[in-house]
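Indexing begins at 1, ligand by ligand and atom by atom, following the structure's order. Because only heavy atoms are used, hydrogens play no part in the values below, and waters and symmetry mates are left out as well, while side chains stay in.
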Amino acid sequence: MPIQLAIHGAGGRMGKRLVALGSQDPELQVVGAIDNPANPMCGQDAGLVAGVGELGVPLSGTWPAECQTAIDFSVPAACMVALAHCTQHKIPLVVATTGLTDEQMSQVSAAAQVIPICWAPNMSLAVNLTMRLAQQAATALKTVPQGADVEIIERHHRYKEDSPSGTALKFGEIIAEAMGLDKHVHGREGLCGPRTRSEIGYHAVRTGDDPGQHTIIFGMLGETIELRVGASSRDSYAQGALAAAKFLVGKPIGMYNMFDVLGLD
Ligand SMILES: NC(=O)C1=CN([C@@H]2O[C@H](COP(=O)(O)OP(=O)(O)OC[C@H]3O[C@@H](n4cnc5c(N)ncnc54)[C@H](OP(=O)(O)O)[C@@H]3O)[C@@H](O)[C@H]2O)C=CC1
Ligand SMILES: O=C(O)C1=N[C@H](C(=O)O)C[C@H](O)C1
């Protein structure tokens, strides 16, 4: 029997790709496509909204009566509502929404005491593998005699609401831990003086319809390493999220991430 899946934020850029790819996956059955009740597309068939033909599931402001796993790609406030619903009904949840506050992240952690949760700012295999490479580089460069400066450049579409990306922040967290860095600097302007050795710099570029690129620079005196990972469509994120939703079914209560799903630990 296919696993019954609900998609929260189903009318959005990511939600539509999840509906499209989820409905083509024989291991899954899309039983719920939830979106903002104020979205004028609510009531229309979710498959038609996603451009893959009729599914028999409407885009709706409410959750289906039953589902076995769920994925959230929405906005922070709505993500908290999905979290409450899944906690109440004991539904495993993939949390992919970025830009959550510390308080909202605490709510995600609290929910992981009740249901299995997979939280990751990026669901793509290539990005998660690059995080491991960045961690390896950072560990190796920690003691380079004249220091290695870390700067993270991310590029996304003009509609993106949070900056820097959740992925850039995660790269920064991993590298800061590996190198013992403690300062996070967001852009530079004016007479800010020479760069300190303890900082990581973040730069957010917003243009056109870019589905997402991250470049991690390790700059030394005499040579530079750049790790770059880029998406050519949103499907890498959607495929990762669908894999995570399947992974959570039958798992013990707790907090998981994409390293667990992809076997990168
Ligand atoms: N972890 C990962 O791999 C990735 C994470 N993301 C993150 O996912 C999130 C969504 O991205 P994207 O799809 O581009 O954004 P969109 O704005 O295209 O989609 C968000 C959707 O959520 C809907 N929504 C708003 N309020 C509610 C509500 N109360 N209940 C249910 N749905 C609601 C929106 O509806 P409406 O527009 O009508 O308000 C919209 O359809 C972002 O935080 C982004 O950073 C994106 C890609 C990859
Ligand atoms: O909003 C997006 O598009 C993306 N958001 C995520 C993030 O903030 O890291 C992941 C991906 O980069 C696409």
For [X] and [Y], does a side-chain donor sit closer than 3.5 Å to a side-chain acceptor?
X: S165; Y: T167; answer: no
X: E199; Y: T196; answer: yes
X: R158; Y: T207; answer: no

Tell me, which protein residue and heavy-atom name are nearest [atom], and how many Å apart are they?
atom: atom 43 (O) of ligand 1; answer: T98 N, 3.1 Å
atom: atom 12 (O) of ligand 2; answer: H156 NE2, 2.6 Å
atom: atom 19 (O) of ligand 1; answer: G12 CA, 3.3 Å
atom: atom 41 (O) of ligand 1; answer: D35 OD1, 2.8 Å
atom: atom 6 (C) of ligand 2; answer: P121 O, 3.6 Å
atom: atom 3 (O) of ligand 1; answer: M123 N, 2.8 Å
atom: atom 38 (O) of ligand 1; answer: N39 ND2, 3.5 Å
atom: atom 15 (O) of ligand 1; answer: R13 NH2, 3.5 Å
atom: atom 8 (O) of ligand 2; answer: K160 NZ, 2.7 Å
atom: atom 32 (N) of ligand 1; answer: N36 N, 3.1 Å

**Request:** Any atoms of ligand 1 less than 4.0 Å from a non-hydrogen atom of P121? List them with their elements.
**Result:** 1 (N), 2 (C), 3 (O), 4 (C)
**Asked** Quick one: which ligand 1 atoms are inside 4.0 Å of a heavy atom on M14?
**Response** 13 (O), 46 (C), 47 (C)
Any heavy atom of [X] sitting closer than 4.0 Å to ligand 1?
X: M41; result: no
X: V81; result: no
X: G99; result: no

Non-hydrogen atom of [X] closer than 4.0 Å to ligand 2:
X: Y159; answer: no
X: R13; answer: no
X: H157; answer: yes

**Item:** Mutual orientation of the aromatic rings belonging to H184 and Y202 [parallel < 30°, tilted 30-60°, perpendicular > 60°]
**Value:** tilted
**Prompt:** Which of parallel (below 30°), tilted (30 to 60°) and perpendicular (above 60°) describes H8 and W63?
**Reply:**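 Ring orientation, 0 to 90° scale: parallel.
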Salt-bridge criterion met for [X] and [Y] (N-O under 4.0 Å):
X: R197; Y: D149; value: no
X: R206; Y: E161; value: no
X: K160; Y: E154; value: no

**Prompt:** Which of the numbered atoms in ligand 2 are below 4.0 angstrom from a heavy atom of T98?
**Reply:**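 Going through ligand 2 atom by atom, the ones under 4.0 Å from T98 are 6 (C), 7 (C), 8 (O).
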**Prompt:** Looking only at N/O atoms, are P37 and ligand 1 under 3.5 Å apart anywhere?
**Reply:** no
**Prompt:** Are any of the N/O atoms in K160 less than 3.5 Å from those in ligand 1?
**Reply:** yes
**Prompt:** So is R132 actually on top of F259's ring, under 6.0 Å and inside 45° of the axis?
**Reply:**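 Ring-cation test returns yes.
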Residue portion contacting ligand 2 (non-hydrogen atoms closer than 4.0 Å) for [X]:
X: H214; result: side chain
X: S165; result: both
X: T167; result: both

Looking only at non-hydrogen atoms, which of [options] approaches [atom] most closely?
atom: atom 7 (C) of ligand 2; options: A231, G166, G230, P164; value: G166
atom: atom 5 (C) of ligand 1; options: S124, A33, A96; value: A96
atom: atom 28 (C) of ligand 1; options: P40, A78, A120, C79; value: A78

**Item:** T69 side chain to A245 backbone, donor-acceptor under 3.5 Å
**Value:** yes
**Request:** Would you name the heavy atoms of D45 and G56 that are closest together and state the gap between them?
**Result:** OD2-N, 2.7 Å
**Asked** Under a 4.0 Å heavy-atom limit, does H8 contact ligand 1 with its side chain, its backbone, both, or neither?
**Response**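 Side chain only.
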